[in-house]
Amino acid sequence: MNNSKISVWKQYYPILKMRILNRQAPILYDLNKFGFTPGKIYRRLFAGSELPRILLISIPKSGINLLERALCLHPHIYRIFMPVITPEHLIKRDNIKFLLEKMKPGELMLSHLTYTSERAREIAKSGVKIVMMIRNPRDIVISRIFYATRFLGHKCHDVFKNLHDFESKIKLSIVGDNSLGVDSIRTRLEDFEPWLDNADCVVRFEDLIGARGGGSNVRQMEQLKNIYNSIGVVEVSDEILHHIYKGVFDTKSPTFYKGLINQGKNSFDNNLEELFVTHVGTDLLEQYGY
């Protein structure tokens with residue numbers, strides 16, 4: 001087996017361990033998204049060449065699992081049997097080319113890959129479609145806190161858990177502290193910002209979440225149609241769209257907390273909002289449209 005593939009899977013062990021530690025056993029949707037249900041096994045073996053290969057990119061805690069669900073609920077699309085790809089997976093050798101070459105039509109790969117010009121060139125050469133998920137950075141700040149404090153085994157679990165007041169946790173999530181292994185929200189935004197101009201489709205969490213998450217069902221349906229049109233999936237009947245529309249909001253996802261928009265707005269007072277805007281900068285917020 002290729003050493004690059006082995007190194008990727010070594011990174012998956014802590015994720016599996018964390019899910020087991022938090023009593024989150026694999027669910028039926030896990031089988032469906034990886035294409036191991038009866039209806040998808042045939043597609044895994046005999047995928048039509050007309051189907052795109054899809055790379056999902058997002059800043060952590062931007063809702064990439066929501067986007068994954070919106071695509072994997074399609075009967076012909078399934079996730080490659082790999083964990084979410086991060087820069088750490090490629091630290092010894094940037095083997096994004098190897099990973100892309102292994103993808104089959106109809107497969108998608110999840111990633112939190114920061115931008116480099118080399119990665120962008122390899123993806124463009126491969127013909128793999130990029131779908132980027134973005135979210136209000138204020139909500140990313142809050143979501144990171146809940147995710148780190150809820151999940152035993154998270155690398156920042158103790159750091160956030162030991163801060164007893166919520167305001168201190170928000171400040172740390174905004175400003176970061178390299179000595180504690182916590183990057184700032186500005187760093188995260190800067191590292192992913194160039195993908196905005198390289199993606200085939202940019203999806204806003206707020207447009208995809210639907211009414212159950214505080215958004216709009218009309219915008220959700222429009223966003224679903226836009227995603228599939230952008231990546232060139234021709235076979236998206238009204239029946240398939242309705243099936244996806246009904247199932248995209250999933251409270252059983254292992255990373256699900258509340259799945260709501262405007263968590264930052266409801267948690268930031270004037271001082272925290274000022275700290276956030278000052279630290280991030282209006283220029284970067286405007287680039288993301290927030």
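Position 1 is the first residue of the sequence, and the numbers go up from there.
- Although no hydrogens or angles enter the test, the distance criterion places no donor-acceptor pair under 3.5 Å between the side chain of S111 and the main chain of T86.
- Looking at S184, its side chain never comes within 3.5 Å of a backbone N or O of G176 through a donor-acceptor pair.
- Between the side chain of Y288 and the backbone N or O of E193 there is at least one donor-acceptor pair closer than 3.5 Å.
- Below 30°, between 30° and 60°, or above 60°: for H76 and H74 the angle between ring planes is above 60°, a perpendicular geometry.
- Between the side chain of S143 and the backbone N or O of D139 there is no donor-acceptor pair closer than 3.5 Å.
- R204 contributes no side-chain N or O that, together with a main-chain N or O of Q223, makes up a donor-acceptor pair within less than 3.5 Å.
- Here side chain to side chain donor-acceptor pair (under 3.5 Å) pairs that include residues 161-170, with residues two or more places apart or in two chains, are D165-S168, E167-K171.
- Summarising the geometry, atom CE belonging to M133 is positioned 11.5 Å from atom NZ belonging to K61; distances are rounded to the nearest 0.5 Å.
- Tested against V202 for a side-chain contact (heavy atoms from CB on, under 4.5 Å), the candidates L196, V131, I57, D197 yield a single pass: L196.
- Taking NZ from K97 and CZ from R121, the interatomic distance works out to 12.0 Å, rounded to the nearest 0.5 Å.
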Give the intermediate values and the outcome of salt bridge (Lys or Arg N to Asp or Glu O under 4.0 Å) for residues E107 and K102.
CA-CA 10 Å; E107 283 188 331; K102 292 297 180 182; over 6 Å; no

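- Taking the six-membered ring for Trp and the full ring otherwise, the centers of F146 and F160 sit at least 6.0 Å from each other.
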Working for side-chain hydrogen bond (donor to acceptor under 3.5 Å, both in side chains), residues T114 and R119:
CA-CA 9 Å; T114 52; R119 289 172 191 162; 3.3 Å; yes

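- Taking CZ from R135 and CG from L208, the interatomic distance works out to 11.5 Å, rounded to the nearest 0.5 Å.
- Between I240 atom CD1 and L224 atom CG the span is 12.5 Å, to the nearest 0.5 Å.
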